[in-house]
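In what follows, a structure is listed as structure tokens, so that the remarks can point back to it.
Keep in mind that this is a model prediction, so the values were computed, not measured. For the numbers below, each heavy atom of this structure counts, side chains included, while hydrogens, waters and symmetry mates do not.
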Amino acid sequence: MSHHILTYSKIKFYPLEPEINNINIQDIAHSLSLLTRANGHFVHFYSVAQHSVNCFKEAKSRGYSERVQLGCLLHDASESYISDLTRPVKRCLPEYFTIEERLQKIIFDKFGLGDLSDEELEQIQDVDDTLLHLEFDALMEPGIFGTSSYSAMEHDFSQRPFISVEKEYISVFNRLMGLKREYKCVGIDGCKGGWVAVSITDTEFEVDVFRNIEEFCLKYDDWDRILIDMPIGLPECNTDIRPDGAARKMLKGKTSSIFNTPCRQAVYADTYSEANEINRQMLEKGLSSQSYAICSKIKEIDEFLNNNPEYKNRILESHPELCFARLNSGEPLYDNKKTYEGMRKRIELLSRYCDQTDDIITYARDNPKLKNCMDDVVDSLCLAVTGMRSMEKGIKTIPENPMVDKNGILMQMVYADEL
């Protein structure tokens, strides 16, 4: 019988005789993002990795040291190699505690935490206990512990995509360890004749126009974050809830920038009058001319996602005005983006977050293919910057628990967690 497991990164790992050189943070992040808390008895999937990230955030909000923050992130890392047991069973298996303690110590040693003091360990334990109480209040039975637990911040207990949690876990780890990975993010917006894309890393950028979504995806297939300013989760009846209304509430004074999304049936109609009538039947409201004007783009990406399901929920819908507001401390930019002042304020804001902004704008203005769609370039850059921020700070969705449309696409808008 084999005494090892095969990890995500294809390492032969011996849980009963662990070797420090076989501890791999990618294995830990991937495994914990797929392991459920509470043995799967919460109201929805909530992973050990998300719990660990929340523990890190709680420790940070309390002003604990970065060593304690890292300890909070890694405190359940042994579960990636030996899983967990429910408490009543665990108490009957004392050898499990010995195995767990030995493995957790090696993990702490691996990442420079082998000398945690009793005070630091108590802080980690207190944060862990706090999140346990909060999680059960939010996801199981309010008041199950009898008394509420103090927390320094509001936490996100929503059901999040596995890959999003895994990447945030790695991002937090890298930041705390003083490591920095060069993320690759791209924003895309529709324009006349195709799609404008702005891609950025910490050191490079590209701005280009693509004829179709397939051409774009061939180039950016392996990028970390792809955000698009186009509805991609489509309602088919009036009980399907899109994020449009909730997003408008976050953009008071700029609500007109978010159009009502047509139903999928209307998107495939041949004429405006037909689409308008279908939309009234399916969603009980008419279709504005602005919404109909982008139906061909919505149809193009909807067909692409249906034929290429591996891109579903990898290409994420966002909205530039929402992202500008989040980058601007929650305050929308009220000047029209097509005016000089509106463009100036947006470029100035993006410059605070992306050192390459001026070079990108200059390049686009000097490019014959791009100089007539500068507002689309700026919007695409805003989405790319938001993608980069979301890799570093975490991603948020509107609504917190989005519905899935009939084609398996989340009906959501995403933005960076700037808190």
For Asp240, what residues pass the salt bridge (Lys or Arg N to Asp or Glu O under 4.0 Å) criterion, not counting sequence neighbours? none
Residues forming a salt bridge (Lys or Arg N to Asp or Glu O under 4.0 Å) with Lys90, sequence neighbours excluded: Asp84
Taking 4.0 angstrom as the limit, do [X] and [Y] come out as a salt bridge?
{"X": "Glu206", "Y": "Lys219", "value": "yes"}
{"X": "Asp109", "Y": "Lys105", "value": "yes"}
{"X": "Asp224", "Y": "Lys184", "value": "no"}
{"X": "Asp115", "Y": "Arg67", "value": "yes"}
{"X": "Glu58", "Y": "Arg62", "value": "yes"}
{"X": "Lys371", "Y": "Asp366", "value": "no"}
{"X": "Glu341", "Y": "Arg344", "value": "yes"}

Kindly indicate whether the side chain of [X], heavy atoms from C-beta on, has any atom under 4.5 Å from the side chain of [Y].
{"X": "Ile258", "Y": "Met413", "result": "yes"}
{"X": "Tyr81", "Y": "Pro18", "result": "no"}
{"X": "Thr386", "Y": "Leu227", "result": "yes"}
{"X": "Phe205", "Y": "Leu381", "result": "no"}
{"X": "Phe259", "Y": "Asp244", "result": "no"}
{"X": "Pro320", "Y": "Leu383", "result": "yes"}
{"X": "Asn260", "Y": "Lys285", "result": "yes"}
{"X": "Ile409", "Y": "Leu234", "result": "no"}

Over all atoms of both residues, closest heavy-atom pair of [X] and [Y]:
{"X": "Glu100", "Y": "Ser78", "value": "CG-OG, 3.7 Å"}
{"X": "Met250", "Y": "Ile398", "value": "SD-CD1, 3.2 Å"}
{"X": "Arg346", "Y": "Gly342", "value": "NH1-O, 2.9 Å"}
{"X": "Glu321", "Y": "Lys337", "value": "OE2-CD, 4.2 Å"}
{"X": "Asp27", "Y": "Ile11", "value": "OD2-CD1, 3.8 Å"}

Side-chain donor/acceptor of [X] to backbone N/O of [Y], under 3.5 Å:
{"X": "Thr86", "Y": "Pro88", "answer": "no"}
{"X": "Lys312", "Y": "Asn407", "answer": "yes"}
{"X": "Gln356", "Y": "Thr201", "answer": "yes"}
{"X": "Ser390", "Y": "Gly387", "answer": "yes"}
{"X": "Ser83", "Y": "Glu79", "answer": "no"}
{"X": "Asn328", "Y": "Gly330", "answer": "no"}
{"X": "Tyr353", "Y": "Leu327", "answer": "yes"}
{"X": "Glu17", "Y": "Tyr14", "answer": "no"}
{"X": "Thr36", "Y": "Asn39", "answer": "no"}
{"X": "Asp189", "Y": "Asp375", "answer": "no"}

Does atom [atom1] ([X]) have a neighbourhood of more than 12 heavy atoms from anything else shown, all under 6.0 Å?
{"X": "Glu119", "atom1": "CD", "answer": "no"}
{"X": "Glu310", "atom1": "CD", "answer": "yes"}
{"X": "Glu215", "atom1": "CD", "answer": "yes"}
{"X": "Lys60", "atom1": "NZ", "answer": "no"}
{"X": "Asp221", "atom1": "CG", "answer": "yes"}

Can you tell me how far apart [atom1] ([X]) and [atom2] ([Y]) are? Round to the nearest 0.5 Å.
{"X": "Asp208", "Y": "Trp195", "atom1": "CG", "atom2": "CH2", "result": "15.0 Å"}
{"X": "Ile226", "Y": "Tyr220", "atom1": "CD1", "atom2": "OH", "result": "9.5 Å"}
{"X": "Leu6", "Y": "Phe13", "atom1": "CG", "atom2": "CZ", "result": "12.5 Å"}
{"X": "Leu35", "Y": "Ile28", "atom1": "CG", "atom2": "CD1", "result": "11.5 Å"}
{"X": "Gln412", "Y": "Arg242", "atom1": "CD", "atom2": "CZ", "result": "9.5 Å"}
{"X": "Leu74", "Y": "Gln69", "atom1": "CG", "atom2": "CD", "result": "12.0 Å"}

Only residue of Ile228, Leu305, Asn308, Leu218 satisfying side chain to side chain contact (heavy atoms under 4.5 Å, CB included) with Ile213 is Ile228
Between [X] and [Y], does the ring centre distance come in under 6.0 Å?
{"X": "His51", "Y": "His155", "value": "no"}
{"X": "Phe173", "Y": "Tyr169", "value": "no"}
{"X": "Phe157", "Y": "Phe42", "value": "no"}

Judged by modelled atom types alone, do Glu303 and Asn307 share a side-chain donor-acceptor pair under 3.5 Å? no
Kindly indicate, with the supporting measurements, whether the criterion side chain to side chain contact (heavy atoms under 4.5 Å, CB included) is fulfilled by Arg314 and Ile163. CA-CA 9 Å; Arg314 268 201 65 214; Ile163 190 64; over 6 Å; no
CA sep, side-chain torsions, deciding dist, call: Leu32, Leu34, side chain to side chain contact (heavy atoms under 4.5 Å, CB included): CA-CA 5 Å; Leu32 295 187; Leu34 297 173; over 6 Å; no
Steps toward side chain to side chain contact (heavy atoms under 4.5 Å, CB included) verdict (Arg225, Tyr183): CA-CA 8 Å; Arg225 193 79 85 203; Tyr183 293 114; over 6 Å; no
Return the set of residues passing side-chain hydrogen bond (donor to acceptor under 3.5 Å, both in side chains) with Tyr268 (not counting sequence neighbours), or none when no residue passes. Asp302
Take Leu139 and His41, measure what side chain to side chain contact (heavy atoms under 4.5 Å, CB included) needs, and give me the verdict at the end. CA-CA 9 Å; Leu139 302 173; His41 292 290; over 6 Å; no
When Asp417 is tested against each of Arg326, Arg160, Arg389, Lys57 for salt bridge (Lys or Arg N to Asp or Glu O under 4.0 Å), which residue passes? Lys57
Gln159 vs Glu400, side-chain hydrogen bond (donor to acceptor under 3.5 Å, both in side chains): CA-CA, chis, key distance, verdict: CA-CA 8 Å; Gln159 184 171 342; Glu400 286 189 7; over 6 Å; no
